[in-house]
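So the structure is just underneath, and the comments pick up after that.
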Amino acid sequence: VIGLAEAAVLAYFALMLVIGAYGAQKVKTVADFVAASRKLGFWMFCLLMASSLMSGMTALGVAGLGYLSGYANWWEQLAVPSALAVAIILYGVKLNPLAHKYNYLTLQDYLAHRYNDKRYIRGISGMVSAFVSTVYLIGQYVAIGIVVKVVLGWEYWQGCLLATIVVVLYVLAGGLISVAWTSFLQGLILLFGILLLTPPLINSVGGWVALNEKLAMITSGPFAKWLTMPWGPWEVPLVSPMFNFTLFGLAVLLGLSVAPHIINNVIVFKEPKYVKWAPLAVFLISLPVLVSVKLIGMAGRVAVWEGWLSLPAHPVVAGSKWQDMILPMLAKQVLPYSVFVFIAVIILAAVMSTTDRLMLTVATNIGYDIFKNMLKPTAKDYVVNWISRLTVIVLGVIVYILALTPPPLIAWLIWTALGVMFTTWFPVVVAGLYWRRANRPGAIAGMLAGFVGTIVAGYVAAKPPIGLGIPLKLFGAPFYFPLVGFITSLVALIIVSLLTRPEPEQILNETMTGVRAKRTT
Amino acid sequence: VEDLKIFGLPIETFIVVFIVPLLIIAGLTLWGLLYKGGEEK
């Protein structure tokens, strides 16, 4: 017998397949997608930016962190919307007119032009992208497993398995670029869905002021003492001012600003004059969403403390609740069942489409950027296609296995991915745009040093069995580990650039490089 | 004075939740007013 939940899930997937198939007729390549994006007006562009933030994984992860640490990590709510504004101000100013002039489709096109290299810059960039996307993929699988568990009552591993099968088949079947459009649509629906969902969930604990007063009364559980404080003591990981700064002020703010799903939108928007007011608009659109999701997580903390909601135990972390479950669990408890199913299906569909897109990204990175571009430029197209397909299958299985042991918080995965982007792409992009001395060897050294530095620091800082579990400290305060990779990246980029020859003046002028470079249109 | 709360939040939290975003909004408004590039074309 098929219940309401199953029927809703099936109906939604069918609808998305239809939309995807329709979109696939019009949008076949990345160039088509960019061409379509260039038609977006000001407000649609701003909505695209805000909805790019919103995957099901983000919704679950932000709420999970709200449950765990309350206001002590509120800086997340400021850093994420600010990252969109930073991307437009810092990069859009130059990248957008350049993209119109030279027809860049992605950030890699700009880097290859500016650093005068097609092979290694693209190849290393592709490696970083494959790594980051794989980490995101694990998070998406975890989110699918959680939502399927709460909505359909399946076991967590069954949800993950469903994700693996559906995603791999869908990606292998082709017609994939349209995924980007269904993603936009679903991100948009999710964005409004969250905003509609928030008032009843906050009211379930007596409204916002009551939520704050009750949070202050909680004395048990993680970070209980600082739930209504904007930070915790100096020496406490996660909530100390130093940790908040290195995590949200650096890794999240700057890493997200160069994330492909953000910066590639900045490259393609229609009119360079959007740079004037889009930063304010995207901040104002995305702030309420980020705030809402966090407040839902906090309301969940109060609900669990009051005893009318209980979270299942985390499958891996002994003695810990499964905090990432808070959003769907609270929604299930508070909302009428039919409304809850509707919301859950929206989340599920959003996760699925993001997962498809990520899978495709990794396949392209490995097939084209790494294999064809860097390792074997003479490879035939069918070989590259087969490698891409094989990647999808192998990756599907690997990610499934990794997702079976979810991290304490989905946020861990998101932050790791952002941390890697912060240490590999951010220095190279900013130096590329604003420092004429930065050159190809410097960029390659910077990306490699940033990647290696981050992975090593992450291994040292992570808890066993993955790493050594040694807390990294600065002035006695724990900090978020990518700071190490950022420093190694910056040092390598600067020193190697200064020791080698700059790129030709002609390229630097073409790419408007430098702080005072005039626009040449 | 230590127990002063606004909307049930300690004063420093109130600043981070309300005043800091307003400052960012003010900053981005200023950017919009002052940025002159990208107008031609």
Side-chain angles (χ1 to χ4, degrees), chain A residues 70-75 77-79 81-82 84-86 88-89 92-94 96-97 100-101 206-217 226-231 241 244 269-284 287-288 290-291 294-295 512 517-519 521, chain B:
Chain A
Y71 286 99
N73 285 135
W74 190 264
W75 301 96
Q77 275 45 55
L78 304 176
S82 300
L84 301 183
V86 166
I88 299 168
I89 291 176
V93 171
K94 288 188 179 202
N96 185 264
H100 282 275
K101 197 170 172 189
W208 181 57
V209 176
L211 164 65
N212 295 336
E213 286 162 352
K214 287 174 180 174
L215 270 183
M217 285 191 267
W226 310 295
L227 290 174
T228 58
M229 298 298 293
W231 47 69
N244 266 310
F269 63 78
K270 190 160 106 190
E271 308 248 14
K273 70 176 182 204
Y274 289 179
V275 167
K276 213 167 153 56
W277 291 110
L280 179 63
V282 293
F283 185 87
L284 289 175
L287 181 70
L290 266 288
V291 165
K294 192 90 178 223
L295 290 178
M512 293 175 12
K518 293 284 275 180
R519 283 168 43 82
T521 39
Chain B
V1 182
E2 226 174 293
D3 281 320
L4 179 67
K5 299 224 165 153
I6 306 172
F7 300 124
L9 292 172
I11 191 83
E12 46 282 52
T13 312
F14 174 79
I15 291 173
V16 172
V17 173
F18 284 94
I19 311 295
V20 177
L22 283 177
L23 289 175
I24 297 174
I25 289 168
L28 294 174
T29 308
L30 210 59
W31 163 267
L33 291 172
L34 297 180
Y35 181 72
K36 291 291 177 232
E39 292 241 296
E40 74 268 45
K41 186 193 167 166

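Since the model is a prediction, treat every value here as computed from it, not as a measurement. Per chain, numbering begins at 1; letters A, B, ... match sequence-line order.
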From CA spacing to verdict: side-chain contact (heavy atoms from CB on, under 4.5 Å), Val17(B), Trp74(A): CA-CA 7 Å; Val17(B) 173; Trp74(A) 190 264; 3.8 Å; yes
Stepwise side-chain contact (heavy atoms from CB on, under 4.5 Å) check, Trp231(A) with Val16(B): CA-CA 10 Å; Trp231(A) 47 69; Val16(B) 172; 4.2 Å; yes
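Applying the side chain to side chain donor-acceptor pair (under 3.5 Å) definition to pairs two or more places apart or across chains, those involving residues 206-216 of chain A are Tyr71(A)-Trp208(A), Tyr71(A)-Asn212(A), Lys214(A)-Glu306(A).
Looking only at heavy-atom pairs under 4.5 Å with chain A, the residue among Leu33(B), Ile15(B), Val20(B) that has the most is Leu33(B). Contact tally against chain B (heavy-atom pairs below 4.5 Å) for Ile89(A), Val209(A), Leu284(A): the top residue is Ile89(A).
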What donor-acceptor contacts under 3.5 angstrom involve side-chain atoms of residues 24-31 of chain B, with partners at least two apart or in another chain?
| residue | atom | partner | partner atom | Å |
| --- | --- | --- | --- | --- |
| Thr29(B) | OG1 | Ile25(B) | O | 2.7 |
| Trp31(B) | NE1 | Val275(A) | O | 2.9 |

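No part of Ile6(B) comes within reach of chain A, as not one of its non-hydrogen atoms sits under 4.5 angstrom from that chain.
Scanning both residues, Lys276(A) and Gly32(B), for their nearest heavy atoms gives NZ-O, 2.8 Å.
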